[in-house]
Amino acid sequence: MADQLTDFITFVRIAEAGSLTGAAASLNQSLTAVSRRLAGLEERLGVRLVNRTTRTLSLTDEGRAFYARAARILDDVIEAEAEVSRGQNVAVGLLRVTTTFAFGRRHMARLIHSFERDHPRVKVHLDASDRLVDLVNEGFDVAIRFGSLADSSLIARSLSPNEYVLCAAPSYLDRKGRPNALDVLAEHDAILFGTPPSDTWTFAGGSQIRIRGDLTTNDGDLAHVWALEGAGIIMKAIWDVADDIRCGRLEIVLPNVPIPNAPIHAIIPHSRFASAKVRLFIEFLSRQLRAQWENDVAPALLRSQ
């Protein structure tokens with residue numbers, strides 16, 4: 001096992017240095033020793049991990065996959081040692097987080113920067129994607145998601161309330177009128193987004209309205225831009241549009257018609273539950289997001305009621 005760990009360290013240094021010479025220097029070993037270690041690892045695994053010429057070195061597909069797993073294993077070893085030697089309140093190592101494009105840009109980027117400043121021994125990678133990622137197979141520590149958890153192999157921790165609202169630019173509503181009932185929505189221009197975009201809006205109690213729209217996209221942020229430009233009515237999380245509602249750029253439509261809530265959750269694999277970096281990160285997000293909900297986001301809802 002110790003020999004395997006040495007192989008992992010050597011290969012990770014090779015991948016990160018981009019050369020055998022650089023890896024040898026960082027490990028304070030001879031070029032011959034590093035080259036021999038790499039050759040032995042490739043022989044044991046039965047695959048080529050790097051393509052190398054006299055001047056360049058690049059990872060193969062198998063090498064990239066192995067690097068991702070090996071780097072994570074080494075990171076976990078470092079974190080385990082830190083937690084034992086310094087206690088359970090030290091965030092150490094690489095923290096991989098995923099969330100949606102809109103929430104990542106508007107909220108998570110700032111919060112992660114603040115968390116990293118408070119925990120200088122942690123490195124954070126934020127992956128923004130509107131697709132539903134596979135936390136376990138893709139190696140993420142935490143996913144920030146809206147709504148309930150369907151996968152029982154994961155753990156959900158509530159971070160903040162969240163509500164969905166219908167909204168539109170005042171310019172659109174002045175031009176097309178302000179709906180006063182659900183069935184009137186069918187006469188309006190809707191902005192549709194998603195993968196694929198849905199032409200049905202669902203409300204509390206299960207009632208559904210078929211909507212129409214000439215503008216569709218897979219990107220919620222693009223749909224948001226169209227709404228600001230007066231293209232139509234959009235259904236968005238209040239977290240995404242609270243600033244626009246407070247400033248009058250968007251106006252909530254049918255504020256007294258309830259839409260199913262979708263609270264914000266931190267989703268984690270069972271294997272990551274005890275990690276100090278994950279636990280401290282979730283505690284930090286919960287404090288920050290609940291304070292922001294009370295001070296900034298919820299008041300935007302009250303403004304329309």
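Everything numeric in this text was worked out from a predicted model, so none of it was measured.
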With a 4.5 Å cut-off on side-chain heavy-atom distances among I, L, V, M, F, W and Y, is there a chain of contacts connecting L222 to V241? no
Can a salt bridge be assigned to the pair E294 and R290 using a cut-off of 4.0 Å between side-chain N and carboxylate O? no
How would you list all residue pairs meeting ring pair (Phe, Tyr, Trp, His ring centres under 6.0 Å) that involve residues 6-25, not counting sequence neighbours? F8-F66, F11-F66
Between T10 and T6, is there a donor-acceptor pair closer than 3.5 Å when you use the side chain of the first and the backbone of the second? yes
Close side-chain approach of K277 and R121, heavy atoms under 4.5 Å: no
How far apart are the closest heavy atoms of P258 and F203, and which atoms are they? O-CB, 3.6 Å
Using a side-chain heavy atom cutoff under 4.5 Å and only I, L, V, M, F, W and Y, what cluster partners does F101 have? none
Checking N218 against D130 for the side-chain contact (heavy atoms from CB on, under 4.5 Å) test, could you report, in this order, the C-alpha distance in whole Å, the side-chain angles of both residues, the deciding distance, and whether it holds? CA-CA 8 Å; N218 66 326; D130 287 337; over 6 Å; no
Search all heavy atoms of I144 against all heavy atoms of M108 and return the closest pair with its distance. CG1-CE, 3.9 Å
Could you walk me through whether L185 and L254 pass the side-chain contact (heavy atoms from CB on, under 4.5 Å) test, one step at a time? CA-CA 10 Å; L185 291 175; L254 296 172; 4.1 Å; yes
Is there a donor-acceptor contact under 3.5 Å from the side chain of R157 to the main chain of A266? no
Show every salt bridge (charged side-chain N to carboxylate O under 4.0 Å, His left out) that has at least one partner inside residues 170-181, sequence neighbours left out. D174-R178, K176-D189, R178-E251
pair E42-V47: side-chain heavy atoms closer than 4.5 Å: no
What ring pair (Phe, Tyr, Trp, His ring centres under 6.0 Å) pairs are there with at least one residue in residues 111-138, not counting sequence neighbours? F115-H119, F115-F281, F115-F284
F193: which other cluster members, linking ILVMFWY side chains closer than 4.5 Å, directly or transitively? I191, L215, W226, I234
When rounded to the nearest 0.5 Å, the distance separating OG of S58 from CG of L49 is 11.5 Å
Does N295, at its CG atom, have more than 12 non-hydrogen atoms belonging to other residues, nucleotides or ligands within less than 6.0 Å? yes
Does any non-hydrogen side-chain atom of I14 lie less than 4.5 Å from one of L57? yes
Apply side-chain contact (heavy atoms from CB on, under 4.5 Å) to residues T202 and S207 and explain how you reach the verdict. CA-CA 6 Å; T202 301; S207 60; over 6 Å; no
Does the side chain of E16 come under 3.5 Å of the side chain of Y67 through a donor N or O and an acceptor N or O? yes
Is a side-chain N or O of S35 found less than 3.5 angstrom from the main chain of T32, in a donor-acceptor match? no
Between Q292 and H107: side-chain donor-acceptor atoms closer than 3.5 Å: yes
Does the side chain of I155 come within less than 4.5 Å of I267's, by heavy atoms? no
In plain terms, say whether D199 and R210 are close enough for a salt bridge, that is, a side-chain N and a carboxylate O under 4.0 Å apart. yes
Less than 4.5 Å apart, side chain to side chain, heavy atoms only: is that true for V278 and I282? yes
Atom pair CD1 (I211) and CD1 (I233), whose distance is rounded to the nearest 0.5 Å: 9.0 Å
When rounded to the nearest 0.5 angstrom, what distance separates CD1 in I9 from OG in S26? 10.5 Å
Hey, any chance V184 and V253 share a hydrophobic cluster, counting ILVMFWY side chains that come within less than 4.5 Å of each other, even indirectly? no
Shortest non-hydrogen separation from N162 to W293 and the atoms involved: CA-CZ3, 4.0 Å
Could you tell me whether the side chain of V50 reaches within less than 4.5 Å of the side chain of R48, counting heavy atoms only? no
Can you name the residues that form a side chain to side chain donor-acceptor pair (under 3.5 Å) with D221, not counting sequence neighbours? R105, R106
Verify side-chain contact (heavy atoms from CB on, under 4.5 Å) between R96 and D127, making sure each step is shown before the conclusion. CA-CA 8 Å; R96 300 190 72 234; D127 180 270; 5.6 Å; no
Within 6.0 Å of CZ in R44, more than 12 heavy atoms from elsewhere: yes
So, taking the atom named CG in D296 and the one named CG in D243, what distance separates them when rounded to the nearest 0.5 Å? 7.5 Å
Once rounded to the nearest 0.5 Å, what's the spacing between atom OG of S286 and atom NE2 of H265? 11.0 Å
Are the side chains of H224 and L250 in contact, using a 4.5 Å heavy-atom criterion? yes
In the structure I gave you, are the side-chain heavy atoms of K236 and L166 within less than 4.5 Å of one another anywhere? no
Between the CD atom in Q208 and the CG atom in L182, the distance rounded to the nearest 0.5 Å is 11.5 Å
Of all the heavy-atom pairs spanning P260 and A204, show the shortest one and how long it is. CD-N, 3.5 Å
Which atom pair, heavy atoms only, marks the closest approach of L280 to A91? CD1-N, 3.8 Å
Minimum heavy-atom distance A262-Y164, with the two atoms named: CB-CE1, 3.4 Å
